[in-house]
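To keep things clear, I will list the structure first and then write my remarks on it.
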Amino acid sequence: QVQLVESGGGLVQAGGSLRLSCAASGLTFSRYVMAWFLQAPGKEREFVAVIRRSDGSTYYADSVKGRFTISRDSGKKTVYLQMNSLKPEDTAVYYCAAVRENGGNPAYYRDYRKYDYWGQGTQVTVAS
């Protein structure tokens, strides 16, 4: 049984930082592309960042480029999202997701519908 468990969300002032963690179990972590998505109330789920397992390459949404960093620790089966210079518009529920690496191009992994496994989400609230 695959489980993705997020942690690290919370309330932070604008300009502050948070680090989200997603611990995976029940899957061969090294075979999976791991990603973060966000969902604000009344809006569709949006891509934030992805890290591939093959070469560790990373891709980001334009809105977070230069502020957020995705990383993975294969030994701990955990993926992280370091979020710096947070803005009120970053407020959302953040979800961790996983899909088997299939050699797709970067655009493929920006589509939330391609992912097989999801965490329960963690709330991030940025106060102005």
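In this chain, numbering begins with 1 at the start of the sequence shown. Treat the numbers as computed from the prediction; the structure is a model and nothing was measured.
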Residue pairs involving [range] (criterion disulfide (SG to SG under 2.5 Å); sequence neighbours excluded):
{"range": "residues 86-128", "value": "Cys22-Cys96"}
{"range": "residues 98-128", "value": "none"}
{"range": "residues 57-92", "value": "none"}

Distance-only check: which donor-acceptor pairs under 3.5 Å involve side-chain atoms of residues 74-82, not counting sequence neighbours?
from: Thr78; atom 1: OG1; to: Lys76; atom 2: O; distance (Å): 2.9
from: Gln82; atom 1: NE2; to: Asn84; atom 2: OD1; distance (Å): 2.9

Salt bridge (Lys or Arg N to Asp or Glu O under 4.0 Å) pairs, two or more places apart, involving residues 4-32:
none
Sequence neighbours excluded - salt bridge (Lys or Arg N to Asp or Glu O under 4.0 Å) pairs with any residue from residues 102-113:
Asp111-Arg113
Set of residues satisfying side-chain hydrogen bond (donor to acceptor under 3.5 Å, both in side chains) with respect to [X], sequence neighbours excluded:
{"X": "Ser25", "answer": "none"}
{"X": "Arg67", "answer": "Asp90"}
{"X": "Asn105", "answer": "none"}

Would you confirm whether Thr122, through its side chain, and Ser7, through its main-chain N or O, come within 3.5 Å as a donor-acceptor pair?
no
For the pair Tyr59 (side chain) and Arg52 (backbone), establish whether a donor and an acceptor sit closer than 3.5 Å, ignoring hydrogens and angles.
no
Please list every donor-acceptor pair under 3.5 Å in which a side-chain atom of residues 43-51 meets a protein atom from a residue at least two apart or in another chain.
from: Glu44; atom 1: OE2; to: Tyr112; atom 2: OH; distance (Å): 3.3
from: Arg45; atom 1: NE; to: Gln39; atom 2: OE1; distance (Å): 3.2
from: Arg45; atom 1: NH2; to: Gln39; atom 2: OE1; distance (Å): 3.1

How many angstroms lie between [atom1] in [X] and [atom2] in [Y], if you round to the nearest 0.5 Å?
{"X": "Arg53", "Y": "Arg72", "atom1": "CZ", "atom2": "CZ", "value": "9.0 Å"}
{"X": "Tyr60", "Y": "Lys65", "atom1": "OH", "atom2": "NZ", "value": "10.0 Å"}
{"X": "Phe37", "Y": "Tyr94", "atom1": "CZ", "atom2": "OH", "value": "13.0 Å"}

List for me each residue that meets ring pair (Phe, Tyr, Trp, His ring centres under 6.0 Å) alongside Phe29, sequence neighbours excluded, and say none if there are none.
none
Which residues share a salt bridge (Lys or Arg N to Asp or Glu O under 4.0 Å) with Asp116, sequence neighbours left out
none
